[in-house]
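Just so it is clear, the values below take in all heavy atoms, side chains as well, and ignore hydrogens, waters and symmetry mates.
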Amino acid sequence: MLSRKLRYFIAVAEDEHFGRAALRLGIAQPALSRQVRLLEAELGFALFERLPRGVRLTRAGQVMLAEMKEVEQRLQSGIGRARQAAAGRHGILRLGLIESAAWHGLVPDALRAYRQATPEADVTLSTMAHAPLLAALRRNEVDAAILYNPLGVADLVSICLARIPIVLALPEDCPLLALPELHLRDLKGYPLVGFQRAASPRLFDDLSAALSAAGFAPGFNADPVNEAEMLALVGMGSGLGLANAMQAWRPPHGVRFAPVRDLNVTQALHVLHRQGDRSPLLGGFLEVLRARAEQAAAEQAG
């Protein structure tokens with residue numbers, strides 16, 4: 001807030017009268033006159049011309065009033081923005097995420113709901129792979145990270161939001177697409193394109209176990225770095241792939257997706273943040289995200 005003397009100055013300047021200003025401020029007129037004279041002494045110049053009836057601003061007083069009005073407006077605006085920040089409604093929320101999570105469903109729905117509920121907040125999105133994303137979160141470069149199957153995150157808070165099924169990726173001319181439904185046994189005789197285990201260790205191990213239990217020899221006929229490269233090879237006719245179902249919302253050219261009825265492998269979608277982070281902005285987003293996750297789970301169960 002403006003200092004008391006400056007507030008007194010503005011009141012006298014607006015009323016052009018010490019008596020009326022004192023009445024509005026709820027103080028005695030002599031005390032108001034004394035405070036204004038003290039302010040003029042501190043500044044080293046007169047703010048008012050004293051008239052028989054009231055006062056009039058000097059040229060210096062006119063400039064002072066214009067400046068103080070602007071300062072007061074900026075101050076009130078700053079207080080309002082600070083109050084919004086304290087309530088989690090203003091500031092910048094930095095989100096890091098695995099790209100496929102933002103294509104459809106829970107995450108984009110939650111982001112839309114959050115932006116509608118908190119339009120004053122700015123949200124930045126950064127897409128990264130698993131390891132760089134966790135590193136960015138630990139370095140305080142993002143406020144929250146959304147990714148699948150996080151490992152080695154005991155130092156972070158991790159909240160499971162959903163489980164995303166794994167589906168089969170096929171070339172668009174694959175005969176398997178003619179079947180009414182697919183089972184793991186139907187894939188025998190077709191080459192499988194995999195991915196490097198380092199890209200997603202938990203998913204790699206879960207898929208390897210499921211294929212081994214279905215009688216497939218361990219291993220894949222290729223190990224590209226990530227899902228995008230794997231799907232490119234599928235589109236080229238190099239084989240079949242097993243991919244996150246979210247990929248179906250941005251299918252590469254020449255690739256189709258289909259569920260495999262007895263493949264019970266999913267990827268757990270988590271949101272992570274640093275322990276002890278009590279940012280109201282982050283708290284508001286997490287609340288919206290969890291609510292959307294619960295709604296999606298209820299709809300799926302129904």
Nearest non-hydrogen partners of [X] and [Y], listed with the distance:
X    : Y    : result
F45  : A60  : CD1-CB, 3.7 Å
A101 : V107 : O-CB, 3.3 Å
A145 : L133 : CB-CG, 3.7 Å
A243 : M230 : CB-CE, 3.7 Å
A245 : W249 : O-CD1, 4.2 Å
M128 : A136 : CE-CB, 3.9 Å

Notebook entry, point to check: Does R50 pair with E40 as a salt bridge, N-O distance under 4.0 Å?
Noted result: yes
Notebook entry, point to check: So, D155 and R274, do they make that salt bridge, N to O below 4.0 Å?
Noted result: no
If hydrophobic clusters are built by linking Ile, Leu, Val, Met, Phe, Trp and Tyr wherever their side-chain heavy atoms come under 4.5 Å apart, do [X] and [Y] end up in the same one?
X    : Y    : result
L170 : Y190 : yes
L177 : L240 : yes
L179 : V234 : yes
V63  : Y8   : no
L151 : L156 : no

Note to self: Set out, in order, the CA-CA distance, both residues' side-chain angles and the distance that settles side-chain contact (heavy atoms from CB on, under 4.5 Å) for L95 and V123, then state yes or no.
What the structure shows: CA-CA 7 Å; L95 297 181; V123 180; 4.0 Å; yes
Sub-3.5 Å donor-acceptor pair from the side chain of [X] to the main-chain atoms of [Y], do we have one?
X    : Y    : answer
R94  : T124 : no
T118 : A121 : no
S212 : S208 : no
T58  : A46  : yes

Item checked: From CA spacing to verdict: salt bridge (charged side-chain N to carboxylate O under 4.0 Å, His left out), K69, E14 -> CA-CA 11 Å; K69 284 285 194 179; E14 289 176 340; 2.2 Å; yes
Please round to the nearest 0.5 Å and tell me the distance separating atom [atom1] of [X] and atom [atom2] of [Y].
X    : Y    : atom1 : atom2 : answer
E181 : D186 : CD    : CG    : 9.0 Å
I10  : K5   : CD1   : NZ    : 15.0 Å
E99  : E227 : CD    : CD    : 11.0 Å
L242 : L211 : CG    : CG    : 6.0 Å
S33  : I27  : OG    : CD1   : 8.5 Å
L39  : R7   : CG    : CZ    : 12.5 Å

Next item on the list: Could you give me the CA-CA distance, side-chain angles and deciding distance for R59 and E49, then say whether salt bridge (charged side-chain N to carboxylate O under 4.0 Å, His left out) is met?
Entry: CA-CA 10 Å; R59 176 58 185 156; E49 295 177 30; over 6 Å; no
Next item on the list: Evaluate the side-chain contact (heavy atoms from CB on, under 4.5 Å) criterion for residues L134 and R138: first the C-alpha distance (whole Å), next the side-chain angles of each, then the deciding distance (0.1 Å), finally the verdict.
Entry: CA-CA 6 Å; L134 290 178; R138 291 184 171 109; 3.7 Å; yes
Below 4.5 Å, heavy atoms only, C-beta onward: do [X] and [Y] meet side chain to side chain?
X    : Y    : result
H273 : D143 : no
L272 : I146 : no
F48  : V36  : yes
F9   : L32  : no

Next item on the list: Return yes when atom CZ of R202 has more than 12 non-hydrogen atoms of other residues, nucleotides or ligands closer than 6.0 Å, and no otherwise.
Entry: no
Item checked: Over 12 non-hydrogen atoms of neighbours within 6.0 angstrom of CH2 in W103 -> yes
Notebook entry, point to check: Could you walk me through whether Y148 and S100 pass the side-chain contact (heavy atoms from CB on, under 4.5 Å) check?
Noted result: CA-CA 10 Å; Y148 297 105; S100 62; 3.6 Å; yes
Margin query: Run the side-chain contact (heavy atoms from CB on, under 4.5 Å) test on M64 and L43 for me, step by step, so that the C-alpha distance in whole Å, both residues' side-chain angles and the decisive distance to 0.1 Å come before the verdict.
Written below: CA-CA 11 Å; M64 184 78 168; L43 296 173; 3.7 Å; yes
All N/O donor-acceptor pairs, side-chain side in residues 280-294, below 3.5 Å, sequence neighbours left out:
none

Distance-only check: which donor-acceptor pairs under 3.5 Å involve side-chain atoms of residues 254-270, not counting sequence neighbours?
from: R256; atom 1: NH2; to: E172; atom 2: OE1; distance (Å): 3.1
from: D262; atom 1: OD1; to: L184; atom 2: N; distance (Å): 2.9
from: Q267; atom 1: OE1; to: N244; atom 2: ND2; distance (Å): 2.7
from: H270; atom 1: ND1; to: S158; atom 2: OG; distance (Å): 2.7

